[in-house]
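A short worksheet on the structure shown next.
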2 protein chains.
Amino acid sequence: MAKLRRVVLERLMRYYRFLSESSFKKPPQTITSAQIAEALDIDPTQVRKDFGTIGLLGIGRVGFDVCEVCRAIRFNLGFDQRQEAVLIGTGHLGTALLAYSGFASYGLHIVAAFDSDSDKVGGEIAGCAVKPMRAMKPYIKRRGIRLAILTAPHEVAQKLADRLVSAGIKAIWNFAPTRLTAPPDVLVRDEHISLGLSVIAHHLAQATRPDRGQDTEGRAP
Amino acid sequence: MAKLRRVVLERLMRYYRFLSESSFKKPPQTITSAQIAEALDIDPTQVRKDFGTIGLLGIGRVGFDVCEVCRAIRFNLGFDQRQEAVLIGTGHLGTALLAYSGFASYGLHIVAAFDSDSDKVGGEIAGCAVKPMRAMKPYIKRRGIRLAILTAPHEVAQKLADRLVSAGIKAIWNFAPTRLTAPPDVLVRDEHISLGLSVIAHHLAQATRPDRGQDTEGRAP
DNA sequence: CCCCTATTGAGATTTTTTTCACGTTTACTA
DNA sequence: TAGTAAACGTGAAAAAAATCTCAATAGGGG
């Protein structure tokens with residue numbers, strides 16, 4: 001499996017979401033790059049190129065087999081192997097993520113949550129047990145968990161990240177408003193909604209105090 | 001105020017967060033492009049270019065005035081003008097966003113929440129009144145609100161988006177796992193965490209079944 | 001069975017984004 | 001007050017990403 005660039009990965013995810021949602025699974029189960037492009041506002045050539053990079057071949061005058069496309073994307077994005085994760089910090093956001101049922105379709109399973117609040121420890125959120133922080137490291141080691149979802153407050157985020165790394169975590173999905181430092185072999189994906197806000201705020205400000213500005217850019221993800 | 005590209009906007013936000021967080025406000029209140037670049041893992045030239053596009057000039061051997069940089073970014077991102085928003089859908093995620101206190105520093109104020117659950121209507125979440133859906137349109141019109149934060153379930157997201165547009169909303173910050181359709185003058189920013197997941201899942205899958213793959217790409221936002 | 005047209009794959013081209021290279025400016029030091 | 005070095009601005013180059021063009025292919029209709 002080749003290493004893919006981020007832009008490609010994100011587009012693959014979009015294709016996957018589009019194809020798995022709607023009713024493309026029923027016959028004739030094929031779709032053309034133009035149809036996908038139209039729906040997702042992407043260039044058709046781009047779609048074919050992306051498919052090409054994960055080894056998908058279409059057939060002239062017909063297009064692509066939807067199931068085959070989904071299978072290839074699942075393979076390349078790793079959705080076909082069960083991925084266990086722990087979630088650190090059961091605040092509002094952590095709870096929202098625990099309650100989100102869509103992760104399973106990407107192979108992602110949150111198997112435990114950890115929190116420092118002793119009132120929450122011992123309880124359950126959306127069917128997931130909440131454990132004390134001190135149980136984190138042994139739990140991760142014992143189960144060989146590689147992914148952590150970090151939804152703790154800013155103040156403790158880096159410290160927790162360090163503990164996660166030392167426990168053997170290989171990827172941190174960081175929702176804390178903090179830029180984390182981690183060794184190069186650990187992937188950190190910062191999920192900052194503030195980036196989205198910058199686009200929105202600027203757009204609205206533009207409308208208020210415009211200046212020779214013509215549209216040059218389309219829509220966000 | 002010139003129209004800026006998305007990549008630039010997102011980097012500006014990163015600079016802003018970095019500069020406003022730490023203690024750069026105390027004397028000498030200056031910072032070099034290299035320092036910023038180092039902390040944010042960006043090329044120093046890029047930093048200077050970005051600053052240049054919003055009209056910031058540094059001075060040789062000194063760098064940039066932190067306050068001036070912040071002010072320029074605030075202006076260009078529109079943080080200096082109060083921006084009122086409504087939030088639609090007070091589920092876990094909606095609640096998390098209502099409870100997040102950081103928005104105010106970007107000029108963003110969520111002034112009302114709307115929900116279809118009659119148990120929630122009339123109540124308050126994080127100091128924000130929850131109103132019935134039917135009150136949405138008149139409220140938006142009356143207060144001239146231009147931004148809506150959409151945290152409703154997938155099934156109703158598009159229908160709500162249509163109602164928001166007809167009420168006069170000019171930007172939708174969409175957290176529903178749905179690609180929305182809206183007129184071209186309405187900005188839609190889809191905030192899909194699944195895009196982040198694609199990067200993480202691929203990384204972990206790579207580690208499991210590698211193939212001549214050497215690292216070519218750095219870290220996420 | 002052969003033509004017609006929709007659709008693909010891939011090379012070429014363009015555009016965007018990032019990085020490099022270097023002359024200029026400015027503060028510090030002797 | 002001149003020399004030095006750190007930092008800047010900018011134009012050129014490189015790299016990455018997106019788009020265009022077109023011959024080849026494959027169903028479908030006559």
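Letters A, B, ... are given to chains in the order of the sequence lines, protein chains preceding strands, and every chain is numbered from 1. Since the model is a prediction, treat every value here as computed from it, not as a measurement.
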* In whole angstrom, what separates B:I42's CD1 from C:dT18's P? -> 9 Å
* Asked: Taking only residues two or more places apart in sequence, or in another chain, which ones meet B:D162 in a salt bridge (charged side-chain N to carboxylate O under 4.0 Å, His left out)?
  -> none
* Asked: Do you know which of A:L77, A:I54, A:N76 makes side-chain contact (heavy atoms from CB on, under 4.5 Å) with A:M1?
  -> A:N76
* Residue of the set B:R17, B:R5, B:R189 for which salt bridge (Lys or Arg N to Asp or Glu O under 4.0 Å) holds with B:E10 -> B:R189
* Please confirm whether the backbone N or O of A:T32 pairs with a side-chain atom of A:Q35, one donor and one acceptor, at under 3.5 Å? => yes
* Asked: How close or far is atom P of D:dA7 from atom CG of B:D43, stated in whole angstroms?
  -> 15 Å
* Looking at A:R6, does any N or O in its side chain come under 4.0 Å of the phosphate oxygens OP1/OP2 on D:dA17? -> no
* To do: Starting from P on D:dA16, measure out to CG on A:L9 and report it in whole angstrom.
  => 15 Å
* Between D:dA6 (P) and B:E38 (CD): distance, integer Å -> 16 Å
* Taking atom P of D:dT10 as reference, at what distance in whole Å does atom CG of B:D50 sit? -> 14 Å
* Measure the distance from CZ on A:R5 to P on C:dT18 and round it to the nearest whole Å. => 13 Å
* Asked: Considering residues at least two apart in sequence or located in another chain, which fulfil the side chain to side chain contact (heavy atoms under 4.5 Å, CB included) criterion with A:A207?
  -> B:R146
* Expressed in angstrom and rounded to an integer, what is the separation of B:L4 atom CG from C:dT17 atom P? -> 12 Å
* Any chance you could list the contact pattern along nucleotides 7-13 of chain C? Use B for base contacts, S for sugar-phosphate-only contacts and - for none, protein heavy atoms under 4.0 Å, 5' to 3'. => BBBBBB-
* Carboxylate-amine/guanidinium contact B:D80 A:R209, below 4.0 Å -> yes
* Within this structure, what is the CD-to-C1' distance between A:Q46 and D:dA16, rounded to whole angstrom? -> 11 Å
